[in-house]
> 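One structure, pasted below without further comment.
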Amino acid sequence: MATPRFQLFASDSAVSWRFMSANNRDLGHAAFAFPDVDSCTAAIRLLCDHIASAVCTTVRAGPRHWAWRLRVGGVDRAVSSRYYERRVEAHNSCRSFQELVRAAGRPELCQMPRWR
């Protein structure tokens, strides 16, 4: 049975992560890229360790859209993967993201998709 999980993505110069739902929907991703896999996985662990105290903020993403940002220690750590028409939808999505990350537990190994 599929479970929510983190996925890492690497390019020639950076590594990033996204958090996938059990049905493979992209729910949120890193607020910024990392220089290597070790720093990216350390950022995921930091997020997981502090997910209960993370602060959700909603921000305008254009005149008719909203997005969410999740902050730990005053730094944006995760951002929404999509835009919402209503602020409350963005806020509820952020809370859902937090609950799913908390339920997924601290990842010891992240999925790294293969590129052709």
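These numbers come from a predicted model, not from an experiment. All residue numbers refer to positions in the sequence shown, counting from 1.
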> Looking at every heavy atom in both V72 and R77, which two are closest together, and how far apart are they?
O-NE, 3.4 Å
> How close do I44 and L8 get, heavy atom to heavy atom, and via which atoms?
CD1-CD2, 3.6 Å
> Taking atom OG of S96 and atom CD of E89, what is their separation to the nearest 0.5 Å?
13.0 Å
> The criterion is side chain to side chain donor-acceptor pair (under 3.5 Å); which residues satisfy it with S39, sequence neighbours excluded?
D36
> Applying ring-ring contact (aromatic ring centres under 6.0 Å, His included), name anything that partners F32, two or more places apart in sequence or on another chain.
F34
> Can you tell me if CZ on R87 sees more than 12 non-hydrogen neighbours from other groups inside 6.0 Å?
no
> If only atom types and distance count, is the side chain of R18 paired as donor or acceptor with the main-chain N or O of A30 below 3.5 Å?
no
> The criterion is side chain to side chain donor-acceptor pair (under 3.5 Å); which residues satisfy it with R25, sequence neighbours excluded?
none
> Scan for ring-ring contact (aromatic ring centres under 6.0 Å, His included) pairs involving residues 69-91, sequence neighbours excluded, and state none if there are none.
none
> Would you mind writing out the side-chain donor-acceptor pairs for residues 59-70 within the sub-3.5 Å range, not counting sequence neighbours?
{"unit_1": "R60", "atom_1": "NH1", "unit_2": "P63", "atom_2": "O", "d": "3.1"}
{"unit_1": "W68", "atom_1": "NE1", "unit_2": "S93", "atom_2": "OG", "d": "3.3"}
{"unit_1": "R69", "atom_1": "NH1", "unit_2": "D76", "atom_2": "OD2", "d": "3.2"}

> Compare every heavy atom of Q98 with every heavy atom of I51, then report the nearest pair and how far apart it is.
O-NE2, 3.0 Å
> Can you get from V55 to F97 by hopping between Ile, Leu, Val, Met, Phe, Trp and Tyr side chains that sit under 4.5 Å apart?
no
> Where is the tightest heavy-atom contact between R95 and C56, given as atom of each residue plus distance?
NH1-CB, 4.0 Å
> side-chain contact (heavy atoms from CB on, under 4.5 Å) with S11: which residues, sequence neighbours excluded?
S13, A14
> Taking the side chain as every heavy atom from C-beta outward, state whether C48 and V101 have any atom pair closer than 4.5 Å.
yes
> Working to the nearest 0.5 Å, report the span between SG of C94 and CG of L27.
11.5 Å
> So how far is it from R86 CZ to N92 CG, rounded to the nearest 0.5 Å?
12.0 Å
> How far does CZ of R71 sit from CG of L47, to the nearest 0.5 angstrom?
13.5 Å
